[in-house]
Q: 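Here's a structure for you.
Below, each value reflects all heavy atoms present in this structure, side chains not excepted, and no hydrogens, waters or symmetry copies.
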Amino acid sequence: MLNRNQDQSIGAGAIAVQAARDVNIGLCFTEVRELCLLFLQQNFPKLREDALVEARTCVQQFIESLQKDIGSKATEINLLNFKNPDVQACLNDAVLAVARRGKAAHQEILCTLITERIAIQTSSFKEIVLAEAIQVTHKLTAEQIAMICLVHFVRSMSISNIQSLADLEPWAKKI
């Protein structure tokens, strides 16, 4: 209840929430961590102990990286998206990739893709592309990813006032 010194007013279509402590809407990161570990447990029940230890270590590293990414972009994400079955499937795919391939799964890229997938503003097309990227990333080598980045850079750049190929040399060195 409101006491004499408090006031609460809301606009049309809004919801007012009153609580004695913090109000959490959606999953907190502890629940996301538990979800990642549950995905590992459900998908790898028969691993030998040494393989399971390695898989858990890789998943823990992934969870820590994901937590940092989400924390650094807290204003750009919507934790309610973790309730979405497609987001949970993407998270499951990423956890499986990390458990299977370890560092070769490109954990930092997977963290970025997951963070982008739970962003506040996404389109249906972007969600589909991110889901597919999560499924493919762990199958690529570092060289293949570098080549994709190079192709994207070259196709996206625009250099004016080029008189000869020698003028492109500084750009080529940077690439």
Q: Taking only residues two or more places apart in sequence, or in another chain, which ones meet Asn81 in a side-chain hydrogen bond (donor to acceptor under 3.5 Å, both in side chains)?
A: none
Q: List for me each residue that meets salt bridge (Lys or Arg N to Asp or Glu O under 4.0 Å) alongside Lys126, sequence neighbours excluded, and say none if there are none.
A: Glu116
Q: What's in the same ILVMFWY side-chain cluster as Val129, cut-off under 4.5 Å, chained through other members?
A: Phe125
Q: Residues two or more places apart in sequence or in another chain: which of them pass side chain to side chain contact (heavy atoms under 4.5 Å, CB included) with Gln61?
A: Thr57, Lys103, Gln107
Q: Could you walk me through whether Arg117 and Asp86 pass side-chain contact (heavy atoms from CB on, under 4.5 Å), step by step?
A: CA-CA 10 Å; Arg117 181 59 184 84; Asp86 187 51; 2.8 Å; yes
Q: If you take all heavy atoms of Leu113 and Ile134, which pair is closest and at what distance?
A: CB-CG1, 3.7 Å
Q: Taking the side chain as everything from C-beta on, heavy atoms only, tell me whether Ile118 gets closer than 4.5 Å to Asn78.
A: no
Q: Restricting to non-hydrogen atoms, name the atom on Ala105 and the atom on Leu110 that form the minimum distance, rounded to 0.1 Å.
A: O-CD1, 3.4 Å
Q: Between side-chain atoms of residues 144-151 and protein atoms elsewhere (two or more places apart, or another chain), which donor-acceptor pairs fall under 3.5 Å?
A:
| residue | atom | partner | partner atom | Å |
| --- | --- | --- | --- | --- |
| Gln144 | OE1 | Thr141 | N | 2.8 |
| Gln144 | OE1 | Thr141 | OG1 | 3.4 |

Q: What salt bridge (charged side-chain N to carboxylate O under 4.0 Å, His left out) pairs are there with at least one residue in residues 53-64, not counting sequence neighbours?
A: none
Q: Give every residue pair that meets the salt bridge (charged side-chain N to carboxylate O under 4.0 Å, His left out) criterion with at least one member in residues 132-160, sequence neighbours excluded.
A: none
Q: For Ser65 versus Cys111, what's the shortest heavy-atom pair and its separation?
A: CB-SG, 3.5 Å
Q: Among all residues two or more places apart in sequence or in another chain, which pass the side chain to side chain contact (heavy atoms under 4.5 Å, CB included) test with Thr115?
A: Leu66, Asp69, Ile70, Lys73, Ile77
Q: Quick one: side chain to side chain contact (heavy atoms under 4.5 Å, CB included) partners of Gln67, sequence neighbours excluded?
A: Phe29, Arg33
Q: Is there a continuous path of hydrophobic side-chain contacts, each under 4.5 Å between heavy atoms, that joins Val136 to Val98?
A: yes
Q: To the nearest 0.5 angstrom, please state how far the CG atom of Leu130 sits from the OG1 atom of Thr137.
A: 9.5 Å
Q: Just to verify, which of Gln88, Gln135, His138 counts as forming a side-chain hydrogen bond (donor to acceptor under 3.5 Å, both in side chains) with Asp93?
A: Gln135
Q: Using distance only, find each side-chain donor-acceptor pair of residues 162-169 under 3.5 Å and give its atom names and separation, not counting sequence neighbours.
A:
| residue | atom | partner | partner atom | Å |
| --- | --- | --- | --- | --- |
| Ser164 | OG | Ala166 | N | 3.3 |
| Asp167 | OD2 | Gln163 | N | 2.7 |
| Asp167 | OD2 | Ser164 | N | 3.2 |

Q: By side chain to side chain contact (heavy atoms under 4.5 Å, CB included), which residues pair with Ala131, not counting sequence neighbours?
A: Cys90
Q: With sequence neighbours left out, write down each residue that passes side-chain hydrogen bond (donor to acceptor under 3.5 Å, both in side chains) with Thr122, or none if nothing qualifies.
A: Glu127
